[in-house]
Amino acid sequence: MNSKKIILLNFEETRRRSINLWHRIPLEFINWKPDKKAFTFIEMIRHILEAEHLFHIIIKNRGNLGPYVSPWKNIEYINIAHELKFAENYRSDFLNMIKNLNEVDLENITINRTEVNQCKKLGDYLNRMLYHEAVHTGQMLGYLRTLGVKRPEIWD
């Protein structure tokens, strides 16, 4: 399996596990958060979906975000299914971008984010994106533990 296929597999598996968790959040807790400064479950889910799109724009621009206006701006929080449906085309565009890369691109395309003093190879940058979603998945598992809710088995 080459690097591109491994990266795609990781994106697909990470999202599959996230969705498994998201669908097991009891509806009565979707707006719960552990403290005033934290995300609610649904805010964190949107954050993950929106961040993937934001990272995609950064990759397209090879670095700085530019005059970004989020497609999620002013979109009401409804439910998890709505969040996933809204993000569906953005997710598809992102995965298609990865599918159209070649091994050389992963090594030779540089993402230079001068506003945060960060310069990474594309392959490295994509893997860091995955870590972002994984961290938030862990946070949500912690939220469920705090609430005393049975957590889904995501380690299959």
Side-chain angles (χ1 to χ4, degrees), residues 1-23 25 29-143 154:
M1 194 179 290
N2 65 30
S3 299
K4 182 175 82 170
K5 287 182 180 178
I6 290 170
I7 289 170
L8 276 168
L9 176 65
N10 279 329
F11 271 100
E12 290 164 356
E13 281 297 300
T14 299
R15 182 57 51 84
R16 181 184 64 79
R17 291 162 195 244
S18 293
I19 290 171
N20 181 13
L21 169 65
W22 300 346
H23 284 308
I25 299 167
F29 294 124
I30 203 71
N31 291 304
W32 184 87
K33 58 184 176 178
D35 61 64
K36 288 190 286 187
K37 294 183 179 181
F39 283 126
T40 65
F41 280 106
I42 199 161
E43 288 170 338
M44 196 177 312
I45 291 165
R46 179 175 292 179
H47 169 74
I48 291 166
L49 299 170
E50 185 177 14
E52 183 174 84
H53 177 258
L54 184 139
F55 290 139
H56 186 194
I57 299 299
I58 289 169
I59 290 167
K60 283 181 179 179
N61 291 342
R62 301 296 192 253
N64 295 333
L65 191 54
Y68 177 78
V69 178
S70 172
W72 281 263
K73 187 178 180 175
N74 302 320
I75 300 291
E76 179 183 2
Y77 290 99
I78 297 172
N79 57 41
I80 294 166
H82 180 263
E83 294 298 319
L84 287 167
K85 183 69 177 161
F86 187 82
E88 202 171 84
N89 289 334
Y90 298 108
R91 173 74 172 179
S92 179
D93 289 347
F94 174 68
L95 292 177
N96 284 332
M97 181 270 305
I98 296 173
K99 289 173 185 171
N100 287 316
L101 296 172
N102 61 52
E103 291 290 310
V104 174
D105 294 333
L106 296 172
E107 183 67 27
N108 291 339
I109 292 175
T110 301
I111 307 304
N112 188 5
R113 298 195 59 209
T114 56
E115 79 277 14
V116 293
N117 197 28
Q118 181 187 66
C119 187
K120 303 289 178 203
K121 293 178 181 182
L122 179 57
D124 180 3
Y125 194 76
L126 289 166
N127 280 305
R128 289 167 189 268
M129 287 176 60
L130 282 164
Y131 184 71
H132 175 260
E133 183 166 335
V135 165
H136 286 306
T137 298
Q139 285 178 296
M140 284 188 260
L141 287 167
Y143 281 20
I154 62 170

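Values in this document were obtained by computation on a predicted structure and should not be read as measured data.
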Kindly compute the distance separating CD1 (Ile111) from CG (Asn61), expressed to the nearest 0.5 Å.
9.0 Å
The reported gap from CG in Asn79 to CD1 in Ile25 (rounded to nearest 0.5 angstrom) is 11.5 Å
Working to the nearest 0.5 Å, report the span between CE of Met140 and CE of Met44.
5.5 Å
Determine, for Glu43 against Arg46, whether the closest basic-nitrogen to carboxylate-oxygen distance falls under 4.0 angstrom.
no
Decide whether Glu133 and Thr14 meet the rule of one side-chain donor and one side-chain acceptor closer than 3.5 Å.
no
Is there a side chain to side chain contact (heavy atoms under 4.5 Å, CB included) between Gln139 and Phe39 once you walk through the steps?
CA-CA 10 Å; Gln139 285 178 296; Phe39 283 126; 5.7 Å; no
To the nearest 0.5 Å, how far apart are CG in Leu49 and OH in Tyr90?
11.5 Å
Quick check: closest heavy atoms across Asp105 and Leu122, and the distance to 0.1 Å?
O-CB, 3.9 Å
Run the numbers on Glu88 and Arg91 for salt bridge (Lys or Arg N to Asp or Glu O under 4.0 Å), then give the verdict.
CA-CA 5 Å; Glu88 202 171 84; Arg91 173 74 172 179; over 6 Å; no
Search all heavy atoms of Thr110 against all heavy atoms of Cys119 and return the closest pair with its distance.
CG2-SG, 3.2 Å
Arg17 versus Ile154, closest heavy-atom pair with distance
NH1-O, 2.9 Å
Can you find a heavy atom in the side chain of Trp22 that is under 4.5 Å from one in the side chain of Ile48?
yes
Might you point out which heavy atoms bring Glu83 and Ile78 nearest each other, and give the distance in Å?
OE2-N, 4.4 Å
Side chain of Lys4, backbone of Lys99: donor and acceptor closer than 3.5 Å?
yes
Please test Arg128 against Phe55 for side chain to side chain contact (heavy atoms under 4.5 Å, CB included), starting from the C-alpha separation and ending with a verdict.
CA-CA 10 Å; Arg128 289 167 189 268; Phe55 290 139; over 6 Å; no
Looking at Leu101 and Leu126, what are the two nearest heavy atoms and their distance?
CD1-CD1, 4.2 Å
Do Leu84 and His23 have side chains that get closer than 4.5 Å, going by heavy atoms?
yes
Taking the side chain as C-beta and beyond, is there a heavy-atom pair between Ile58 and Tyr125 under 4.5 Å?
yes
Other residues, nucleotides and ligands only: do more than 12 of their heavy atoms fall within 6.0 Å of CG on Asn2?
yes
Show, in sequence, the C-alpha distance, side-chain angles and deciding distance for Arg16 and Glu13, and conclude whether the salt bridge (Lys or Arg N to Asp or Glu O under 4.0 Å) test is met.
CA-CA 5 Å; Arg16 181 184 64 79; Glu13 281 297 300; 2.6 Å; yes
Relative to the ring of Tyr143, is the ring of Trp32 parallel (under 30°), tilted (30 to 60°) or perpendicular (over 60°)?
perpendicular
From His132 NE2 over to Glu52 CD, what is the distance, rounded to the nearest 0.5 angstrom?
10.5 Å
Nearest-0.5 Å distance that lies between atom NZ in Lys33 and atom CG in Asn31:
9.5 Å
Validation row: Phe94, His53 side chains within 4.5 angstrom (heavy atoms):
no
Taking the side chain as every heavy atom from C-beta outward, state whether Ile7 and Asn127 have any atom pair closer than 4.5 Å.
yes
